[in-house]
Amino acid sequence: MGLLLGTAACGGGDDSEGSDPSSAGGGGISEQGEPVEGGEITVGLEAETNSWLPGEYGGANAGTTVAYAIYDPLMKRTEDGEIKPYLAESMEPNEDFTAWTLTLRPDVQFHDGTPLNGEALKTIFDKYLMAPTSNVKNSLADVTSLDVVDDLAVTYTLNKTNAAFPSVLTGAAGWPFSPTAAEEFGEDAGANPVGTGPFTFVSWQRDSNLVVEKNDNYWQEGLPHLDKVTFRPIPDEDTRLASLQSGDIDAMQTLRQGTVSRARDIDGVDNYEYLGNNSGGSIFNTTKAPFDDLRVRQAMAYGMDQPALIDVIGGTGLTPEATQYFSPDSPFYSEEAADAFPTYDVEKAQELYDEYINDPQRSDGQPVGTDISFTYNCPPDPSLNELSQLYQSFWSALGMDVKLNTVEQAAHIQNGLAKDYEVQCWRVGDEADPYITLKNAFTPGPLNFTGYTSPTIDEGLETLRTTADLDERKAAVADISMDISENVPNVFTGYTLTDVAVQEAVKNVDGWEFPDGTKGDGVPGATTMWGFVWLAD
């Protein structure tokens, strides 16, 4: 199925595949060699995750890379950006994209022996994914029912045309888990994940480690290569990098530009880098005054110096300034929206700010002339602390009273889901189809972290939903991107160059393939398909 075009990706690979030697420590990504069976590795993660049960799972990149060890996604993205069946065998729409029939591969079992079949998918969907508290329910909002066709096939019936629907199943909504185990563990199911993936869950000590072991009954013959993987959350970037350098861990993920730069300089370390649509920035809670007023958001956007923000996180020379949800190597990038995004202009920022605070009808109800006061939240990473301080200095220069507050990442994500914040650092954008990315971000629901909606965005989403024509979809995304540039529900720093840095003995980090041999999209957002990784002798 080649309906959906995603984004171009910059990933690593062995030297024979044309990798950039300058992107790896020790002069290039080392020779990969032939697969080796056995061995175990320890992986350093940037954060802990709240739960491993899809629907409860609120993890970011750290959680996703662990999930790929335990779960198999029904759909995944190729290196060319096509959404293609992975755990599923096929995914076919009807003529108007209002129904999608998914066929499963035969003889696949969950780790507890429960068969992966149509009934299992229906139970997962009805009981868990569509539960009132599910945090993937919004991404499945168009689905009116999941109906079993036969033992290996189900049909997702939609309430309206959705040409982008398969992209939903690349995320947590498309990670099948054992309904038998979920029922057995009840409220503890999120601490006892049971998937179909290459590794089986062994143990989880929150904030310490999660251990998985080889699934001897895995449906893909010859996989996985490793016997055991231990995941360790190490939130501090310096500690995580030092642990890799000392050999205390074998692999690590980072989404911090300064860490990528330093990892490149470590001898004996290979770096699998990826520059996609993910970018750093700050989000405004537009449901709360004064951030419900465009003048305030624009003042804050014009009042920040992007190159300085990129520099403080070590991204100078590594990543370009971000202006929208899609990077310059994406077919959905808009030059017009890039030109429209506010650039550093202190005079204009001050004019907008003064206009708001001197407006008798200002939305926060404060007396005329009273300066804006708010709290800026960000996780307690040293580079993010410096970034927060720089944001604070830019906005304080306009007269704003900005208090800085550090929040552990798991709580930080929960605050975003609940919109329990004023302004906070955040990552935006992903490699999903634009309809999925923008629908989640700008229609009502928990994943609309800013609370911003607009008729222009709704109109563009309607086009993305109803057509697979690339030119029409590009135009729709350009209109949405322009709306975001003009209304700034969030501001950007730079696109996020991510890295999975590993000891040279850890091989094939970005070399995963589909069952038919099609090459996958590598390591987007520092996430890895661990079943394909091996440890050299």
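- Counting non-hydrogen atoms of other residues, nucleotides and ligands closer than 6.0 Å to CD of Glu336 gives a total of 12 or fewer.
- Nearest heavy atoms, Ala308 versus Phe394: CB-CZ, 4.1 Å.
- Here the closest heavy-atom approach between residue Ser388 and residue Cys378 is recorded as OG-CB, 3.4 Å.
- Contact check on Arg240 versus Asp238 returns no salt bridge, with no Lys/Arg side-chain nitrogen under 4.0 Å from an Asp/Glu carboxylate oxygen.
- Using a 4.5 Å heavy-atom cutoff, the side chains of Cys425 and His412 are in contact.
- Other residues, nucleotides and ligands contribute more than 12 heavy atoms inside 6.0 Å of the NZ atom of Lys288.
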Inset, instruction - Check step by step if side chain to side chain donor-acceptor pair (under 3.5 Å) holds for Asp292 and Thr286. - result: CA-CA 4 Å; Asp292 57 347; Thr286 68; over 6 Å; no
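- Within the 3.5 Å criterion, the main-chain N or O of Pro434 finds no donor-acceptor partner in the side chain of Arg473.
- Every residue was checked against the side-chain hydrogen bond (donor to acceptor under 3.5 Å, both in side chains) condition with Asp250, not counting sequence neighbours, and none meets it.
- Listed by chain and residue number, Arg427 satisfy the side-chain hydrogen bond (donor to acceptor under 3.5 Å, both in side chains) test with Glu46 (two or more places apart in sequence, or in another chain).
- Listed by first and then second residue, the salt bridge (Lys or Arg N to Asp or Glu O under 4.0 Å) pairs that reach into residues 130-140 come to none, sequence neighbours excluded.
- Smallest separation of non-hydrogen atoms from Gly63 and Thr49: CA-OG1, 3.2 Å.
- Contact record, Pro367 with Thr370: O-OG1, 2.9 Å, taken as the closest heavy-atom pair.
- Residue Glu351 qualifies as open at atom CD: its count of foreign heavy atoms under 6.0 Å is 12 or below.
- Around NZ of Lys228, the count of heavy atoms belonging to other residues, nucleotides or ligands within 6.0 Å does not exceed 12.
- Contact check for Leu318 versus Arg264: side-chain heavy atoms found under the 4.5 Å cut-off.
- Side-chain atoms of Pro193 and Tyr71, non-hydrogen and from C-beta on, do get closer than 4.5 Å to each other.
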Inset, instruction - List the steps and the verdict of side chain to side chain donor-acceptor pair (under 3.5 Å) for Ser454 and Asp483. - result: CA-CA 8 Å; Ser454 111; Asp483 185 277; 3.2 Å; yes
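- The shortest side-chain heavy-atom distance between Lys419 and Thr450 does not fall under the 4.5 Å cut-off.
- Residues Thr375 and Asn405 bring no donor and acceptor atom of their side chains to less than 3.5 Å of each other.
- The residues Lys474 and Asp479 are annotated as not salt-bridged, no charged nitrogen and carboxylate oxygen being separated by less than 4.0 angstrom.
- Checked against the 6.0 Å centroid threshold, Trp426 and Phe449 count as a close aromatic pair.
- Asp354 pairs by the side-chain hydrogen bond (donor to acceptor under 3.5 Å, both in side chains) definition with Gln350, not counting sequence neighbours.
- Salt bridge present: Asp521 and Lys76 bring a charged side-chain N and a carboxylate O closer than 4.0 Å.
- Checked for salt-bridge contact, Asp359 and Arg295 meet the test: a charged N lies under 4.0 Å from a carboxylate O.
- Proximity of Tyr57 to Thr64: side-chain heavy atoms (C-beta onward) are separated by under 4.5 Å at one or more points.
- For the side chain to side chain contact (heavy atoms under 4.5 Å, CB included) with Phe231, the qualifying choice from Thr42, Val212, Asn209 is Val212, the only one to do so.
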Inset, instruction - Take Trp530 and Thr65 through the test side chain to side chain donor-acceptor pair (under 3.5 Å) and record every step on the way to the result. - result: CA-CA 8 Å; Trp530 297 103; Thr65 201; 3.1 Å; yes
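- Using a 4.0 Å cut-off between a side-chain N of Lys or Arg and a carboxylate O of Asp or Glu, Arg262 and Glu237 do not qualify as a salt bridge.
- The two residues Tyr325 and Asn277 come nearest to each other via the heavy atoms O-CB, 3.4 Å.
- Without hydrogens or angle criteria, Ser279 side chain to Tyr495 main chain gives no donor-acceptor distance under 3.5 Å.
- Residues meeting the side-chain hydrogen bond (donor to acceptor under 3.5 Å, both in side chains) test with Trp204, sequence neighbours left out: Glu48.
- Between Phe326 and Phe332, the ring planes are tilted. Angles from 30° to 60° get that label.
- Between Thr453 and Phe442 there is no side-chain heavy-atom pair separated by less than 4.5 Å.
- The closest side-chain heavy-atom distance from Asp401 to Ser396 is not below 4.5 Å.
- Using a 4.5 Å heavy-atom threshold, the side chains of Pro73 and Thr170 count as separate.
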Inset, instruction - Could you walk me through whether Asn487 and Tyr452 pass the side chain to side chain donor-acceptor pair (under 3.5 Å) test, one step at a time? - result: CA-CA 9 Å; Asn487 291 284; Tyr452 178 74; 3.2 Å; yes
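- Using cut-offs of 30° and 60° on the angle between ring planes, the pair Phe291 and Phe284 is parallel.
- The salt bridge (Lys or Arg N to Asp or Glu O under 4.0 Å) analysis of residues 371-387, with sequence neighbours excluded, yields the pairs Arg256-Asp381.
- At distances below 3.5 Å, at least one donor-acceptor pair connects side-chain atoms of Asp345 with backbone N or O atoms of Lys348.
- Of all heavy-atom pairs between Phe492 and Ala322, the closest is CB-O, 3.3 Å.
- Ring geometry for Tyr376 versus Trp395: interplanar angle over 60°, hence perpendicular rather than tilted (30 to 60°).
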